[in-house]
Each structure stands twice: as structure tokens, then as C-alpha cells.
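The next block holds one structure in the form of C-alpha cells; read it before the comments.
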Amino acid sequence: MHALLVEDDDRMAQALITALAQRGHTVRRAGRALDALRWVHEAEFVLLDLGLPDLDGLELLRRLRTVCDAPLIVVTARCEERDIVQGLRAGADDYVVKPFRMNELMARIDTVRRRTGAAAPRADGADRGGCPVHTGDVEIDIAGRTVTVAGADVRLTRREFDVLAFLAARPGEVHSREEILDRIWGDAFLAASRSLDVHVAGIRAKTGRAELVRTVRGFGYQLGSPAVGTDGRGRR
Ligand code: CA
């Protein structure tokens with residue numbers, strides 16, 4: 001696989017390039033945000049440091065996400081929960097805090113690549129014959145990867161859509177957190193567990209339908225039946 005490594009620190013970059021090369025990856029290193037934007041189109045996955053000389057890493061992350069859907073892992077010294085949540089909301093698939101263990105980072109890369117390549121929710125969508133799922137005034141087209149609320153398109157991140165599509169594929173079933181984490185994230189590590197909460201919150205906020213994802217306390221989630229037109233969005 002071809003990696004884009006966005007890292008301004010020479011020693012850190014060299015250690016990562018060596019470790020990636022040992023696992024058979026090719027690497028292009030960008031020391032500045034400007035170069036990352038120039039080269040991201042060729043990347044099959046991205047490792048992103050947030051402390052860069054020419055642009056804040058979170059802002060770069062948002063810009064990368066507008067042009068690139070490749071798996072992306074933030075690798076940074078910023079360890080505040082606020083930073084981690086912002087990074088995941090901006091579209092990172094995982095978040096690793098420095099100093100990290102190299103083997104753990106390499107395992108996380110494998111996990112992120114596996115789950116983004118697996119496309120499990122699409123397979124579930126195919127089982128339904130490609131028909132959109134309706135609940136309340138929400139339509140979820142699993143095959144087409146689109147969501148509308150009261151006829152208006154809602155833009156979810158890829159991971160948010162994967163979670164929603166997974167629930168929508170079997171709307172009558174309650175899914176445990178572990179099952180969702182395993183199917184969508186590929187693991188049930190603590191970081192991914194926090195990530196699930198962030199993504200569910202994102203789905204609720206962006207659709208304006210808090211009941212679209214029903215929390216089953218102490219267990220997991222289920223596709224819910226949102227009331228129509230409670231916040232003005234549903235009124236025509
Ligand atoms: Ca840095």
C-alpha cells in the first residue's frame with residue numbers, strides 16, 4: 001500500500017518510514033500541509049501529525065477529507081479528549097497519541113485498512129435487494145450511500161454512514177456495542193469504543209433526528225423511529 005506520511009519532525013518521520021517499509025508499504029513524506037494537499041490523491045492511507053508549521057492539523061484534516069476518502073490515522077502529541085473528539089469528528093478513522101508503540105500503530109493501520117476495504121454494511125444492503133430503508137421521514141439508501149431527511153440530503157462522514165447503514169440493514173434488531181465495533185471498526189479497543197459514541201452523536205446532530213439511533217442502555221443501539229416534523233425540518 002502507498003502511504004502519505006504528514007510529519008514535520010525528521011526523526012519521527014524516519015522511524016515511521018522505516019517501520020512502514022519493513023511491512024511492505026511505500027511512503028511519501030510531507031513535512032508541510034501544502035505538500036500533503038498536493039500529494040494526498042495518490043495515497044491509499046494517510047498518517048497525519050497535527051502540529052505542522054504552515055497550517056493547523058485539524059484544519060488540514062478537514063481539507064483532506066473534502067478531497068480524499070482514504071483511511072486516515074491521526075498521530076499526534078495532542079492527548080486532550082477535546083482534541084481526540086475533534087479529530088474523529090473531522091473524519092479521522094483512528095487517533096494515536098505520541099509517544100506510541102510502533103507495533104500498536106502498525107496493528108491499527110492494518111485494522112483501519114481491513115475495515116475500510118471490507119465494506120460490510122454494503123454487503124448487508126445488497127441482501128435487501130438495494131431498496132432504501134424508511135423510518136419516520138428518514139430514507140437511508142444503503143447501496144447508494146445517501147441519507148435524506150424530509151426529502152433533503154444529509155451529508156454524513158463515511159464512518160457515520162457505515163454505522164447508520166449497519167443498523168438500517170436489520171432495522172428490527174438491537175446490535176451490541178461490541179458487534180458494531182467489530183463490524184465497522186474491526187476491533188473493540190477503547191479508542192474505537194469512544195469513537196462509536198462520537199459517530200452516533202454525529203448522526204443524530206446532522207439528521208436532526210435524535211431518535212433515529214435508539215440507545216439500548218448498557219447494551220448497544222438499534223435503528224429508531226424518529227417523529228416527523230418535530231423540529232421544523234420535517235414540515236413542508
Ligand atoms: Ca509536528
Side-chain angles (χ1 to χ4, degrees), residues 1-117 157-160 162 181 184-187 189-199 201-202:
M1 302 279 282
H2 184 66
L4 174 65
L5 170 63
V6 187
E7 172 60 71
D8 61 323
D9 182 89
D10 289 338
R11 285 185 59 183
M12 175 61 70
Q14 199 48 56
L16 282 165
I17 289 168
T18 301
L20 289 165
Q22 282 172 352
R23 285 160 180 80
H25 302 295
T26 55
V27 184
R28 165 96 81 159
R29 179 206 171 186
R32 298 179 307 158
L34 195 66
D35 295 327
L37 285 162
R38 186 181 303 156
W39 294 326
V40 71
H41 66 275
E42 67 190 30
E44 291 173 285
F45 67 95
V46 180
L47 298 180
L48 174 64
D49 174 33
L50 294 183
L52 297 169
D54 57 335
L55 184 69
D56 179 70
L58 275 175
E59 177 58 29
L60 174 61
L61 172 54
R62 292 188 190 97
R63 292 193 197 179
L64 290 175
R65 270 297 172 239
T66 66
V67 294
C68 159
D69 212 23
L72 185 149
I73 300 178
V74 168
V75 184
T76 180
R78 294 187 199 171
C79 59
E80 298 289 325
E81 185 182 28
R82 190 171 50 102
D83 296 318
I84 297 173
V85 169
Q86 282 184 343
L88 293 169
R89 281 203 176 127
D93 293 285
D94 204 349
Y95 195 107
V96 174
V97 175
K98 295 174 184 170
F100 55 88
R101 288 176 293 254
M102 189 62 81
N103 283 335
E104 180 185 336
L105 175 62
M106 294 301 137
R108 287 183 179 275
I109 291 170
D110 290 343
T111 299
V112 164
R113 284 176 41 221
R114 196 165 60 239
R115 78 190 184 219
T116 51
T157 66
R158 184 186 63 220
R159 194 61 56 213
E160 287 165 351
D162 286 346
L181 289 164
I184 308 297
W185 273 261
D187 70 57
F189 290 153
L190 203 60
S193 179
R194 182 76 184 90
S195 182
L196 175 57
D197 300 325
V198 172
H199 284 71

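We count ligands from 1, going down the list as the structure has it; atoms in each ligand are counted the same way. Because only heavy atoms are used, hydrogens play no part in the values below, and waters and symmetry mates are left out as well, while side chains stay in.
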So, for A33 and D54, which heavy atoms are closest and what is the spacing to 0.1 Å?
-> N-OD1, 2.9 Å
Protein N, O or S atoms less than 3.0 Å from the Ca ion (ligand 1), ignoring waters?
-> D8 OD1, D49 OD2, G51 O
Applying side-chain contact (heavy atoms from CB on, under 4.5 Å) between L50 and each of D56, L60, V74, report the one that passes.
-> V74
Salt bridge check: are D94 and R113 linked by an N-O gap of less than 4.0 Å?
-> no
Between H199 and W185 the two heavy atoms that sit nearest each other are ND1-CZ2, 3.7 Å
Could you go through the salt bridge (Lys or Arg N to Asp or Glu O under 4.0 Å) check for R28 and D35 one step at a time?
-> CA-CA 10 Å; R28 165 96 81 159; D35 295 327; over 6 Å; no
For residues 80-89, which side-chain N or O atoms pair as donor and acceptor with protein atoms under 3.5 Å away, sequence neighbours left out?
unit_1, atom_1, unit_2, atom_2, d
E81, OE2, R194, NE, 3.0
E81, OE2, R194, NH2, 3.3

